[in-house]
Amino acid sequence: MIKIITKISALFVLLLFVSCQEDKATFGDLNAPTNLTITAELVGKTTDLPNGDGSGLVNFSATADNAISYKFIFGDETSSNAPSGIYQKRYTKTGTHIYTVTVLASGKGGVTTTANIDIEVFSDFNDDEAVTFLTGGTSKKWYWSASEPGHLGVGQNDNNVLLNFYANYYQATAWEKAGSGDSSCLYENELTFSLDGDILKYTLNNNGSTFFNKDFQSVAGGSAGFDFCYSYDTSGTKTVNLSPSESVVAANGIPGQTRGTMMNFSDGGFMGYYIGQSSYEILSITANRMVVRAVMGGNPALAWYHIFTTTKPTQTPDVDFTNLVWSDEFNTDGAPDSTKWGYDLGAGGWGNAEAQTYTNASANASVSGGNLKITAIKSGSTYTSARLKSENKYEFTYGKVEVRAKLPTGGGTWPAIWMLGQNYATNTWPACGEIDIMEHKGNELNKIYGTLHYPGNSGGNANGNSTMITGATTDFHIYKTIWTATSIKIYVDDTLFHSVANTNSLPFNSDFFLILNVAMGGTFGGAIDPTFTQSSMEIDYVRVYQ
């Protein structure tokens with residue numbers, strides 16, 4: 001056993017007292033913890049095994065006078081709060097390594113005292129094959145296997161089940177969470193495992209929207225009473241330590257039930273579905289498919305099962321439209337067809353601080369070579385462009401819209417293909433509703449945005465998502481939405497990247513019209529490249545099916 005009292009420093013918080021008497025009544029005397037003592041017991045340590053038995057387990061204990069809580073920083077890029085001062089840590093880096101462990105003892109009002117201890121630990125656990133599968137050797141992206149039944153499920157986790165450990169209580173059907181209210185955010189998850197030297201790293205990109213189990217919504221300030229998506233920051237890279245499984249499944253010892261490896265995520269990391277857990281048991285893993293389970297935080301009788309794939313799944317729309325009811329193929333050179341398109345004219349972009357003035361000049365909007373060309377042009381210190389719309393010429397409710405387009409180049413360009421509720425004059429935006437099928441920033445090349453604006457979700461708080469493609473400005477791509485009474489789904493080249501449930505409470509159940517434009521700069525387009533002269537969005541066709 002190692003025992004040390006060393007390197008103690010008190011960190012005092014400077015408080016600005018508005019009322020000394022009131023603050024004293026709240027906090028009392030702000031005394032830094034004293035006599036901070038750390039002990040570390042290496043499991044299995046003997047004369048022959050001075051650094052432990054290879055399990056990597058170390059039992060830590062910290063005590064201090066006037067301390068109300070403790071935090072351990074373990075020296076391997078992980079840390080943990082331990083209110084009692086007692087914590088068992090497993091070090092998983094293979095071999096014998098020295099770690100500097102720091103303990104923060106917190107007193108009243110956040111005053112802390114720190115101490116350090118050096119320990120030398122031996123671990124003989126490794127699962128190099130799992131690391132290779134997870135990372136692909138460098139980095140690899142994983143997605144929910146949404147088309148596979150049981151990709152999300154829950155089952156019992158106790159010794160009463162001797163066989164068939166699986167999600168025996170509930171198994172999600174294929175694409176069950178797509179378009180079902182805010183839970184559709186689950187399928188937007190992108191999980192990346194990578195190696196930083198010999199340290200396994202992990203990031204979760206879910207565009208800031210996390211699918212919460214109903215019992216943990218308070219973490220995000222929610223109270224829906226059922227599984228729901230909330231804004232929750234998952235940014236930042238986590239460290240992943242692998243360790244031997246110690247679960248009921250592993251203890252059962254039935255071949256094929258588990259790989260025998262746990263993934264332990266630092267800093268509250270989790271694999272997309274928030275259940276208050278940061279440790280996941282790998283049941284099976286190959287180069288392109290992974291099944292994991294995690295015991296639900298606070299309820300050890302339940303284990304949740306997740307299935308992931310390295311191929312981003314695409315969903316065949318449950319409703320499609322095949323009857324072409326309106327289109328413009330742009331086969332006649334000259335001005336755009338006036339029976340189909342009108343113009344918005346003017347400067348400033350209607351509240352977006354855009355730099356261009358919209359005109360109906362042929363230099364800004366014309367048809368040639370089978371394509372409509374909307375061109376933004378620099379003229380001295382100003383810019384001109386065009387914004388075409390089908391308002392009062394073609395308006396519709398529900399259907400499939402397909403636009404095949406190649407986007408302009410240059411920092412500050414902001415092309416858009418979108419729809420606006422026809423009653424915007426009397427039902428002021430965002431109450432009229434807006435469906436952005438495609439937006440692109442020249443400053444974020446190849447990143448495509450799809451967004452819905454409506455009351456409570458507009459402007460910077462709009463309901464949107466983005467996806468990366470290749471050749472947005474050099475190749476034609478099909479930008480598409482499928483709009484029904486129950487959902488609005490946005491695609492690029494038949495790949496679904498955003499889905500929102502439609503209900504009677506939303507403004508997406510009446511006529512909308514189409515808009516095509518290229519803006520410059522503004523709150524979304526950003527800084528304009530000073531060398532920009534002109535560039536065009538070229539549109540091969542616009543088609544509406546019902």
Side-chain angles (χ1 to χ4, degrees), residues 134-147 178 184-194 201-211 229 231 233-237 271-272 288 308-317 401-418 435-452 460 462-482 488-500 518-519 524-527 529 535 537-540:
L134 287 167
T135 65
T138 53
S139 64
K140 181 189 289 187
K141 298 185 186 304
W142 292 86
Y143 309 90
W144 285 89
S145 188
S147 62
S184 59
C185 73
L186 184 68
Y187 300 143
E188 297 171 7
N189 291 178
E190 185 178 83
L191 291 67
T192 303
F193 291 87
S194 60
K201 298 287 189 175
Y202 166 82
T203 58
L204 168 63
N205 178 13
N206 63 2
N207 298 290
S209 188
T210 296
F211 190 31
C229 285
S231 294
D233 185 8
T234 61
S235 61
T237 300
M271 298 185 74
N288 53 28
F308 298 96
T309 176
T310 57
T311 302
K312 189 171 185 177
T314 58
Q315 183 182 14
T316 302
V401 180
E402 286 187 348
V403 180
R404 186 172 184 264
K406 181 170 64 174
L407 307 184
T409 62
T413 56
W414 174 8
I417 299 167
W418 53 297
I435 302 173
D436 298 332
I437 302 170
M438 183 287 301
E439 290 182 288
H440 178 258
K441 302 180 186 183
N443 289 313
E444 293 183 355
L445 187 63
N446 295 322
K447 187 174 184 178
I448 303 301
Y449 291 84
T451 311
L452 272 65
N463 189 339
N465 197 6
S466 62
T467 189
M468 298 297 296
I469 63 174
T470 57
T473 61
T474 57
D475 303 313
F476 283 89
H477 294 269
I478 295 175
Y479 303 98
K480 177 174 72 173
T481 188
I482 296 180
I488 302 167
K489 299 177 180 180
I490 301 176
Y491 303 76
V492 176
D493 296 329
D494 292 324
T495 297
L496 174 69
F497 73 97
H498 191 46
S499 178
V500 177
V518 177
F524 188 81
D529 185 343
S535 190
M537 175 167 65
E538 299 183 42
I539 298 176
D540 181 26

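Note: hydrogens, waters and symmetry copies are ignored here, and every other heavy atom, side chains too, is used.
- Figure legend: K140 and F193 shown without cation-pi pairing, the cationic atom not lying both under 6.0 angstrom from the six-membered ring centre and within 45 degrees of its axis.
- Counting only heavy atoms from C-beta outward, the side chains of H498 and N463 approach each other to under 4.5 Å.
- With F308 as reference, W144 is the one residue of W142, Y143, W144 to meet the ring-ring contact (aromatic ring centres under 6.0 Å, His included) rule.
- The CD1 atom of I437 sits 11.5 Å away from the OG1 atom of T451 when rounded to the nearest 0.5 Å.
- Residue D493 is tested with K480, H477, R404 for a side-chain hydrogen bond (donor to acceptor under 3.5 Å, both in side chains); the sole match is H477.
- Note that the CG atom of D475 and the OG1 atom of T470 stand 7.0 Å from one another [nearest 0.5 Å].
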* Please walk me through it: do Y449 and D436 pass side-chain contact (heavy atoms from CB on, under 4.5 Å)? -> CA-CA 8 Å; Y449 291 84; D436 298 332; over 6 Å; no

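- Between T467 and K312, the closest side-chain pair of non-hydrogen atoms falls below 4.5 Å.
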* To do: Might you work through the side-chain contact (heavy atoms from CB on, under 4.5 Å) test for W414 and K441, ending with a clear yes or no?
  => CA-CA 5 Å; W414 174 8; K441 302 180 186 183; 5.8 Å; no

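- When the side-chain hydrogen bond (donor to acceptor under 3.5 Å, both in side chains) test is applied to N443, no partner is found at least two apart in sequence or on another chain.
- In this structure the side chain of V518 reaches within 4.5 angstrom of the side chain of M537, judged on heavy atoms.
- Side-chain atoms of H440 come within 3.5 Å of backbone N or O of N446 as a donor-acceptor pair.
- Side-chain N or O atoms of S466 include none that pairs as donor or acceptor with a backbone N or O of K447 at under 3.5 Å.
- In this model, a donor atom of one side chain and an acceptor atom of the other lie less than 3.5 Å apart for S235 and D233.
- Between the side chain of N205 and the main chain of N207, a donor-acceptor pair closer than 3.5 Å is present.
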